[in-house]
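A note on names: the letters A, B, ... follow the listed sequences, proteins ahead of strands, and every chain is numbered from 1.
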6 protein chains.
Amino acid sequence: MLSLPELVRLSLAEDVGPGDVTTLATVDPSLTGRARVYAKQDLIVCGNAAAAEVFRQVGATWTSALPDGALAAPGQDIGHVDGPLASILTGERCALNFLMRLSGIATHVHTCVEGIAGIDVLDTRKTTPLHRALEKHAVRCGGARSHRFGLFDGVLIKDNHIVAAGGITAAVARARAHAHALLKIEVEVESLDELHEALAAGADTILLDNMDDATLREAVAITAGRARLEASGNMTAERIRRLVGMGIDQVSMGGLIHQARWADLSLRIL
Amino acid sequence: MLSLPELVRLSLAEDVGPGDVTTLATVDPSLTGRARVYAKQDLIVCGNAAAAEVFRQVGATWTSALPDGALAAPGQDIGHVDGPLASILTGERCALNFLMRLSGIATHVHTCVEGIAGIDVLDTRKTTPLHRALEKHAVRCGGARSHRFGLFDGVLIKDNHIVAAGGITAAVARARAHAHALLKIEVEVESLDELHEALAAGADTILLDNMDDATLREAVAITAGRARLEASGNMTAERIRRLVGMGIDQVSMGGLIHQARWADLSLRIL
Amino acid sequence: MLSLPELVRLSLAEDVGPGDVTTLATVDPSLTGRARVYAKQDLIVCGNAAAAEVFRQVGATWTSALPDGALAAPGQDIGHVDGPLASILTGERCALNFLMRLSGIATHVHTCVEGIAGIDVLDTRKTTPLHRALEKHAVRCGGARSHRFGLFDGVLIKDNHIVAAGGITAAVARARAHAHALLKIEVEVESLDELHEALAAGADTILLDNMDDATLREAVAITAGRARLEASGNMTAERIRRLVGMGIDQVSMGGLIHQARWADLSLRIL
Amino acid sequence: MLSLPELVRLSLAEDVGPGDVTTLATVDPSLTGRARVYAKQDLIVCGNAAAAEVFRQVGATWTSALPDGALAAPGQDIGHVDGPLASILTGERCALNFLMRLSGIATHVHTCVEGIAGIDVLDTRKTTPLHRALEKHAVRCGGARSHRFGLFDGVLIKDNHIVAAGGITAAVARARAHAHALLKIEVEVESLDELHEALAAGADTILLDNMDDATLREAVAITAGRARLEASGNMTAERIRRLVGMGIDQVSMGGLIHQARWADLSLRIL
Amino acid sequence: MLSLPELVRLSLAEDVGPGDVTTLATVDPSLTGRARVYAKQDLIVCGNAAAAEVFRQVGATWTSALPDGALAAPGQDIGHVDGPLASILTGERCALNFLMRLSGIATHVHTCVEGIAGIDVLDTRKTTPLHRALEKHAVRCGGARSHRFGLFDGVLIKDNHIVAAGGITAAVARARAHAHALLKIEVEVESLDELHEALAAGADTILLDNMDDATLREAVAITAGRARLEASGNMTAERIRRLVGMGIDQVSMGGLIHQARWADLSLRIL
Amino acid sequence: MLSLPELVRLSLAEDVGPGDVTTLATVDPSLTGRARVYAKQDLIVCGNAAAAEVFRQVGATWTSALPDGALAAPGQDIGHVDGPLASILTGERCALNFLMRLSGIATHVHTCVEGIAGIDVLDTRKTTPLHRALEKHAVRCGGARSHRFGLFDGVLIKDNHIVAAGGITAAVARARAHAHALLKIEVEVESLDELHEALAAGADTILLDNMDDATLREAVAITAGRARLEASGNMTAERIRRLVGMGIDQVSMGGLIHQARWADLSLRIL
């Protein structure tokens, strides 16, 4: 996995290429100064680490004014940058691209999970390639939680695996034999029959895919605490609120990340 | 800049890490098959090259059913994957993450520029780090055009550069002396006074920042064809339609990319 | 993580550097031929994939005669290499270094676990840097199983974590809140008091560190099936055999890997 | 060749992946402290540079208590680590994996060459891929010496090269013509006839492969100082002692490295 | 593009490989000292940044005595190096290789353009792979200017593009439609007929390839200020002087870089 | 060390960056064709491997018409390229940059060593960073030979090492003790007194630095075959011819590489 410094180094290379011709031409390299980065809307702050790394790599210094996860009002400062003006201008766009994306996700997540208690709301692997760690961090800043990181740190047996393995029972047995003992085994089921089979096979967690409220309620009754239950498919904040107290342990929502838009932030030289 | 194969290699590494434990456990590596990837909403297709590269790297083969830029209706196939089932399952999420993001952008751009003629709608450098080439390609698939790629292939003198250089005249002169002769020089102006100065300094293109329609119209009259004119700031599809015919050559909109959401696609083993 | 092709590329670069001067000087590049790689002792074969990749990268072809995990007797062929003699000679040492190390580990593991049933014998994270995936594969070829791969795909709370967190109860609670829901939580305990606390805290697996047989037996009784039990510390094949049937689910042994020596293999041009 | 910082960076990435979930969950990042790394057996210390680099990369500081090559008794400190507890815990296993491997090799070499004088004992290219520089350093710490590093910094003509070149005379002539003038030419011979031919061809060094003591003695007499002599094949410490004074200049032993096991070291937070 | 630190890291790796055996053997690592780097001929200094980076990476410090672009006389110091003697000796050749090449180019350019005013002399893309940014910087130090950096930051339509596109008119139209609006479009023409077509097509700049003085003069008359004019082909300093005042805006000369030889510099420990 | 594919990949990235805008705009990607690369002067061909790799990476195919080391007359074809016209045009400059540089070196070396026999003419480490392997290959194509590749495959004790070690005797002894036994030891001497000391210390090769013919002759007499002799400093083809037969074994000349200019080659679409 790309470390944050590597991700930022590549991102700056993408934008700057062989050189920031405008800044090299117009800004005396000996000029120094300070800039503020501030919110232009209500938002949940996210991206301090990336912003700090961007400005460090161009030779300036980021000082956070609000930590990741904090609420910012329009006009409020998120952080400040000190250093050569040329460095600040060259790093500006790259740093803002991280901050605006991640704050946008955190803010969107916040609106999705605000006021929900008693049920875990989880992200999925529907994330922007090479940004997964940052986006999952933004999800936590917004108040939701992480599902597994990738294909390597959790077993999730989906319909296609079940078909290939020859049924839920066989799939769970094979997974139990192959995966190391600290990984739980989750099975996706599309019916209550499959739920019965998954429970009998000893699944640790069961993903109830695209079931209506009544079916979910029945699934809770059938399971009777023998496995952790996750609901997924067309989840919205409103529906999640309805599920609280029903006995569902967690819901997963790809839209926490992929339906978010960027938050509005700006940088101004002081 | 990361080449597409490198971007995909790193993206797969992010998701697969030391191994897709579920697939390794449950899917016999000698099983082969075919899957379809299909639209679950109306969308503009984008991402064939990335999908092809993802599946190539895991050992399967992507065959496009619709080229980038085509319109797909719900249920319509975008492409097919042939190869080992295990490869298809391991690459599925990564490939869909590229396709869903890029088709989401192309589709959003399409709604923004549909029916607009006589004015160029351009993207900006507000792009996801390491995805700029793909996202700008999606913008073109959706019907809009590219502004400069990065800080290296175009000169855009903004307010901070002007302050640092000591005025528009000095900034343009410095840029003309420094940049190579195939780069045009664009200057951002915030008032008609600045417009006069930029024209006198010989700017090739002038970015009229956050001006209302009346001021834009006045700017066109002042310029009288001496420079290309770009309008920017709070652009919407409706406003762009109003600007057509006014004499503005191009508008730029970061939101073409950063206000897009993912399109809905799915992969199913046949 | 390094992919196998990258690992092999770097390994060849380490050995070949700016060029194999002996082969370049003495071997006509148009000569082709075949070589056999054979066992010079009883051993469990391991390393086919690495050998194949080494020879592929130098322009020759590896054909396996015995799959990973097979038993080879002295004089028995493991595989054959076809291609330019110069390629075979340049790749020989690098390929054998992989094969001899990994077969050495698989063979050592085999002697450790032979005839043991009813208890899982696991490796640890005491592995050669950059060779973990290969060494854990060798462990499986030898008949033992894998513990977690790294610090990211399993929670194992050790004494130092417990001290830092302020006790077992707090540590388990924090881990439960932080880790995603498909990761089990293992706690290392050094006494039966700690075992009681770990059980009360809800640990999924408990590592009983350096306990004698009587204490282990008592631990099994106390646990009464509420958690999976792992014994560790000074494990030997003989002791593991004694533990079978006692109620311990698994033992872990770093020595599966770090006490192995290389197996003896040789390459001969035919 | 991988530099030490690159080797360590990749090694940490292998172990830590997307994050040390246990430490992130249980250890407050603001806690700092000190740990000792100490010997649990008699050993020759090796690996300070790697340990220092591992801890530097995670944000802690290694202070050596015993230099590479020193003898450590059980319980004796090898070094200390200062810094955030979380950093120490995250880097612990990776640092110990380097230290235990390398100290194991140095200690094994020491037992092989202890008390031997008058003959050089050399390692070979049978080394762990990507660890050659470190392992050859460990050999020197243990009291033996290095043979050539790789295929590029010495000419060693083996039986297969001789066959391909059409005889020893041709092979040496070709090597002399091709290799640059600062590389000596060593030829492996399996009989006294071949020795005569190699001497006549002007080899600088001759490797006497798998000869018994009587044959080696005869080879020394035949050579009469015209070339440097190396004995190899089934070497043990006892046999090397017998060869001292016979006129053999050097012996080479792959087992210096590949028959070593890890030394026992431990890290404890103070 | 390789950053300067990456370029230098790879360059040192090329020269040092697994170790500077001479220095490691003969120079006590605790010895420190100072060296001077001085000119052995009249030259234009170039390469301070690369020299500084080389010495930084080996653990020494470069202090410039003359900035890039300055004239140095034989015997005059260019800079000084302070640090461990071993570091200075290990970095010496690599640093000098950068300084001597780049100063050689700057010096050669200086002789080509000395005394020329009123016409821009430009480099081309005939540069040493991976050294383009440095070589173009040397060109500027010597008093000439840069043409586009690469294939991405300027449009230059050559004869083969014209053939493939079906004529100059079509080629310019396609380029205008495809390239972003800040890139000017240059067309290479080989006759006055082609010049007429290029002007009609709206080319921003026209490259007059291999025309004699009379034809160039005619081209200037035809163009009448409608496009920027570049002359190229068999340019020499003498010919460029003849072109001054004729109305040609710029000439391009690959030989600024590829006909340069290294300048003579030396390092001496003080 | 960069492999040739890596060197070429980075070189193409340097030139192409985010895209060859001219070719993308003007050349239909489905057009295929053939181009010839031909000499525009008498030259020694060098660079086939690099040209082949460049065109391979862009999707075209290089077929050599003349092997490295062959003499080409003006107008004679060096090789042909087949494939998509767009690929040929995008790779053209990069491939020619390799071919023209390397053929320039080979041609220059050829003029330096033509007709010289009985003395080896060697290159030095004065090479373009990251191009050493290619440039040393060009030297061999031109008819001269290689000195050591880098700091790792030969011991060359220069004046600064001698000072640091406390004299020639100490330096040679330390080098003998440290370097592996297949590396010869060369000592640079500046006087006949130093020559006596180097011979007494047992140097294998002695570099006679900047001595006139009479002194060289005296050095040969003093050495009397006890070491190999190398002359260096201000060597020219004429002087080398004078040295033949005097008893000097080899001369080294940095200028073989650093005084070469590019040869003139051109690519034309057929």
Aromatic ring pairing E:His131/F:His131, orientation class (parallel under 30°, perpendicular over 60°, tilted between): tilted

Largest heavy-atom contact set with chain E, pairs under 4.5 Å, which of F:Leu24, F:Thr127, F:Val27: F:Thr127

Pairs of heavy atoms under 4.5 Å with chain F: top-ranked of E:Thr23, E:Leu85, E:Leu31: E:Thr23

Polar side-chain atom of F:Thr22 near backbone of E:Leu156 as donor-acceptor pair, under 3.5 Å: yes

Distance, nearest 0.5 Å, that separates CG of E:Leu267 from CG of F:Asn160: 7.0 Å

Side chain proximity check, E:Arg132 to F:Asn97, heavy atoms < 4.5 angstrom: yes

Region of E:Ala177 that comes under 4.5 Å of a non-hydrogen atom in chain F: neither

Among F:Val155, F:Asp28, F:Ile162, F:Asp153, residue most engaged with chain E (heavy-atom pairs, under 4.5 Å): F:Val155

Part of E:Leu130 within contact of chain F (heavy atom distance under 4.5 Å): both

Contact origin within E:Leu183 toward chain F - heavy atom pairs under 4.5 Å: side chain

Which portion of E:Thr124 sits near chain F, non-hydrogen atoms under 4.5 angstrom: neither

Chain F contact via E:Arg101 - side chain, backbone, both or neither, heavy atoms under 4.5 Å: side chain

Between E:Pro129, E:Ala175, E:Gly33, the one whose heavy-atom pairs under 4.5 Å with chain F are most numerous: E:Pro129

Interface residue of largest heavy-atom contact number with chain E, from F:Glu14, F:Met100, F:Arg174, F:His180, under 4.5 Å: F:Glu14

Options E:Leu89, E:Val163, E:Thr90, ranked by heavy-atom pairs under 4.5 Å with chain F, top entry: E:Leu89

Contacting moiety of E:Leu2, where chain F heavy atoms sit under 4.5 Å: side chain

Side-chain heavy-atom pair E:Trp262, F:Thr128 within 4.5 angstrom cut-off: yes

Max heavy-atom pair count under 4.5 Å with chain F, selected residue of E:Glu92, E:Arg268, E:Lys126, E:His178: E:Lys126

E:Arg148, part contacting chain F, at a heavy-atom distance under 4.5 Å: side chain

For chain F, the option from E:Gly166, E:Ala173, E:Ala165 that forms the most heavy-atom pairs under 4.5 Å: E:Ala165

Heavy-atom side-chain contact between E:Leu10 and F:Met1 under 4.5 Å: no

Over all atoms of both residues, closest heavy-atom pair of E:Asp15 and F:Phe152: O-CD2, 3.5 Å

Heavy-atom pairs under 4.5 Å with chain E, option from F:Ala171, F:Gly19, F:Gly104 with the top count: F:Gly19

Max heavy-atom pair count under 4.5 Å with chain F, selected residue of E:Gly150, E:Ala13, E:Gly254, E:Ala25: E:Ala25

Engaged part of F:Ala35 at the chain E interface, taking heavy atoms whose separation is under 4.5 Å: neither

4.5 Å side-chain heavy-atom contact, F:His258 and E:Arg261: no

